[in-house]
Each structure stands twice: as structure tokens, then as C-alpha cells.
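Worksheet: the structure to be examined is printed underneath.
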Amino acid sequence: MSTSYDLGKWALLNQVMNRSRVGILPARNKEETGKMPVLRKMPVLRKMPVPPRCPFYLTLKIIPLFSNAGKCTQDNGLSTQNSALSLLKRLLIATAVLLAVVPTTTSCSLLERQPRSNSTLVYKGPVRQEVKAGSLIPGTDIRYISRTEDKTAEVLINGQRAFKRSGDSLDWTGSPLRGVEMRLNQRVLVYSDERLQAGGTVRLTVDGVSSKPGWVPQVPAQTNPSLVVYKVPVLYRVKQGETIPGTTLSYTGKTDKGAQLGGLPTGESPYRQGGDSISWRGELRPRVYLDLVVRTTLYNEDRLNVTGFATVILAIGG
């Protein structure tokens with residue numbers, strides 16, 4: 001005997017929309033309900049590995065070491081707006097300041113890779129320099145005239161007048177000495193009636209290198225138009241039997257007393273432990289001098305790693 005439930009079920013099945021019997025089948029186990037499928041969970045994507053960050057962003061404390069001139073005194077007429085000072089910080093951060101100790105597994109574009117030829121050396125690093133009104137930036141033909149009535153900095157570049165404001169480019173490429181190519185990528189920082197200060201990066205390429213240890217000119221406290229001086233960070237990986245670039249010092253190998261060096265003056269200890277300093281002074285080519293001070297960061301049977309500063313001096317006057 002049919003119940004009201006059975007009659008209702010058959011009435012429902014005989015509806016036009018349900019004659020196909022689709023949509024009212026019993027639910028299957030686990031993943032399906034009989035009507036709408038249950039979407040499978042998407043796999044959780046793992047985060048991409050983050051490459052190690054270059055360590056040169058960590059400090060501004062050694063910025064004065066890179067200065068190519070004395071500190072810029074802030075006179076009443078000096079254009080020292082907050083925007084200019086902020087520009088100075090951003091610019092020097094962008095040029096990536098070298099830390100005192102550099103991990104040997106990290107490389108940065110700031111440290112220029114040396115050419116394979118032993119007769120060519122490349123030095124690159126941040127620079128900040130000051131030029132007095134009426135004077136040239138040493139080694140270039142950029143002359144600062146003065147601040148104009150429109151509060152712009154008037155300069156002469158290749159004999160052509162240009163009017164600059166804080167943040168404007170002040171680039172130069174040329175050869176201050178035979179065998180030396182120099183490229184300055186700078187920005188105007190601050191200026192007054194008396195002086196202009198610029199900051200950026202410098203790249204020096206020295207060809208025909210024949211290193212000789214000896215005397216180097218004394219770096220003056222103030223800008224000297226007859227000397228071009230740049231102090232840049234360096235990081236060298238010296239294989240056993242090779243010399244530290246620009247010097248006559250070689251890496252002999254690892255010993256119980258430390259890293260053994262060759263080419264030192266007679267009577268000087270050849271051994272250096274981790275963190276010990278290594279210095280060399282001499283001539284790279286005529287009128288081009290190097291004062292190198294580095295520290296040992298790693299040494300083993302195969303190589304010696306050192307990092308520090310190279311002061312390159314160009315005697316362009318006289």
C-alpha cells in the first residue's frame with residue numbers, strides 16, 4: 001500500500017526537471033555529496049628562499065673615511081636645507097658603505113672585480129668631495145664658479161656653463177694622467193657662495209701597472225689641486241702563489257703560525273693571523289701611487305682573503 005511519502009516521491013521523480021534522475025542521487029563517500037563536488041585543498045606554496053643581503057648597508061659610521069676633502073663647514077650662506085641633508089644620506093647609502101669585516105661568501109657590486117691581466121687594476125667606491133668657488137675638482141675640468149642670484153650653482157664643464165641645484169648630476173669621464181681613466185658619477189649635495197660639495201662614486205682604471213714598493217706622497221688635510229686622492233674599499237681573494245693586486249706581496253700558504261706572506265721587507269715577520277693587518281705602499285706606474293691597508297679575514301691551504309681600503313694617489317701637478 002502506497003504511503004503519502006511514496007506518492008510524493010514518485011510525483012517528484014515525474015517532474016520534467018527530474019526525469020533524468022540527476023541531482024538527487026545518494027551522496028557518495030568522502031569527497032562527493034551527490035550534488036556539488038568538494039574541491040580538493042590546494043597545496044601550500046613554500047616561500048621562495050631569500051638570498052643573503054649585501055652587508056654594506058648596515059652603517060654610515062665610516063663615511064668620513066671616504067671623503068676626498070675636509071668636512072664641509074656650515075656657514076650662514078651654505079645651502080643646508082633638510083632636503084639636501086636627506087639627499088646626502090640617501091646617496092651615500094645607495095653607494096653601499098663597506099663594513100669593517102666582510103663575509104667571504106658575500107659579493108657586492110661596490111667591490112670591483114679585478115681584470116685578469118696583472119697590468120690593469122680597477123678601483124671603485126663612494127666619494128664625497130668639496131671644491132672652492134673658482135677652483136677645479138681635482139683631476140677634472142669641472143670648475144665651480146659660485147652661487148647665482150637665482151640660488152643655483154654655476155659650474156663650467158668642458159668650457160660650457162651649467163646651472164645646478166641640489167640633487168643634480170655632476171658627472172665626468174676622462175684621463176687625469178697617462179694610463180689612468182677616471183669616471184665620476186656624482187650629485188650636487190650642498191653649495192654656497194664659497195664652496196660646493198658633491199657625492200657619488202668614482203671608478204679608476206690604471207693600465208700598465210708595474211708595482212714598486214717605496215715612498216708615496218703625503219695626503220694633505222685640505223684639497224690639493226696637484227694631487228687627486230681617492231680612498232675606496234677593496235676585497236681580494238688571493239690564491240696560493242699569487243700576489244695581492246697592486247702590490248708585491250704574495251700568499252705563500254697556511255702554516256702553524258698563520259698565513260705566510262712573501263715579498264715583505266727584510267726582517268719583517270711574514271705571518272698573519274685572522275684579523276691581522278697587511279699594509280703596502282708604493283708606486284703602481286709613474287706618478288700613480290697606492291697606499292693599501294687590509295686585514296686578513298680567512299686563509300687556508302688554497303687562498304687568502306683580505307679586505308680593507310686602498311688609497312690611490314695621482315700626482316697630476318708639476
Side-chain angles (χ1 to χ4, degrees), residues 60 63-95 97 123-177 180-204 217-232 287 311-318:
L60 289 174
I63 287 176
L65 295 175
F66 301 141
S67 176
N68 197 44
K71 294 182 178 179
C72 181
T73 56
Q74 302 203 1
D75 296 338
N76 293 332
L78 190 60
S79 184
T80 56
Q81 299 90 341
N82 291 335
S83 59
L85 296 178
S86 177
L87 174 65
L88 171 60
K89 289 184 179 180
R90 292 198 304 269
L91 180 61
L92 293 176
I93 291 174
T95 54
V97 183
Y123 299 96
K124 181 180 179 180
V127 60
R128 185 188 67 187
Q129 52 190 347
E130 180 182 301
V131 57
K132 294 182 179 180
S135 301
L136 293 168
I137 294 179
T140 75
D141 58 5
I142 300 176
R143 184 183 299 274
Y144 177 51
I145 304 303
S146 184
R147 186 171 62 175
T148 66
E149 295 180 356
D150 296 332
K151 297 183 179 180
T152 60
E154 181 181 356
V155 296
L156 287 178
I157 306 175
N158 295 325
Q160 296 182 327
R161 298 172 67 192
F163 299 93
K164 303 287 185 177
R165 299 180 185 273
S166 294
D168 288 353
S169 62
L170 197 63
D171 298 343
W172 188 85
T173 301
S175 178
L177 271 180
V180 179
E181 291 293 328
M182 184 168 73
R183 186 172 70 214
L184 280 172
N185 294 321
Q186 299 185 117
R187 295 279 173 176
V188 176
L189 299 179
V190 292
Y191 54 89
S192 67
D193 294 334
E194 294 80 20
R195 61 182 64 84
L196 176 145
Q197 190 178 95
T201 61
V202 62
R203 188 179 192 272
L204 294 169
Q218 184 177 1
V219 178
Q222 301 296 327
T223 302
N224 187 336
S226 64
L227 291 178
V228 178
V229 182
Y230 290 109
K231 187 173 186 176
V232 299
R287 302 171 69 180
T311 302
V312 183
I313 306 169
L314 311 179
I316 61 175

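One-based numbering along the sequence shown.
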>> So, using side chain to side chain contact (heavy atoms under 4.5 Å, CB included) as the criterion, who are the partners of Ala315 when residues are at least two apart?
In response: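 Checked Ala315 against side chain to side chain contact (heavy atoms under 4.5 Å, CB included); matches are Leu227, Arg287, Tyr289.
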>> Walk me through whether Thr148 and Phe163 qualify under side chain to side chain contact (heavy atoms under 4.5 Å, CB included).
In response: CA-CA 9 Å; Thr148 66; Phe163 299 93; 3.9 Å; yes
Could you state the interatomic distance from [atom1] ([X]) to [atom2] ([Y]), rounded to the nearest 0.5 Å?
| X | Y | atom1 | atom2 | value |
| --- | --- | --- | --- | --- |
| Leu184 | Leu170 | CG | CG | 8.5 Å |
| Leu156 | Arg161 | CG | CZ | 8.0 Å |
| Gln197 | Gln129 | CD | CD | 9.5 Å |
| Ser166 | Lys151 | OG | NZ | 12.0 Å |
| Leu196 | Arg143 | CG | CZ | 13.5 Å |
| Tyr230 | Met182 | OH | CE | 4.5 Å |

>> Checking the side chain of Ser175 only, and the main-chain atoms of Val180 only, is there a donor and an acceptor separated by less than 3.5 Å?
In response: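 Checked: pair present.
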In the structure I gave you, are the side-chain heavy atoms of [X] and [Y] within less than 4.5 Å of one another anywhere?
| X | Y | answer |
| --- | --- | --- |
| Ser169 | Gln186 | no |
| Trp172 | Ile137 | no |
| Thr223 | Pro138 | yes |

Please give me the minimum heavy-atom distance between [X] and [Y], naming the atom from each residue.
| X | Y | result |
| --- | --- | --- |
| Val232 | Lys124 | CB-O, 3.7 Å |
| Tyr144 | Ala153 | CE1-CB, 3.8 Å |
| Gly139 | Ile316 | N-CD1, 3.7 Å |
| Tyr191 | Arg165 | OH-CA, 3.9 Å |

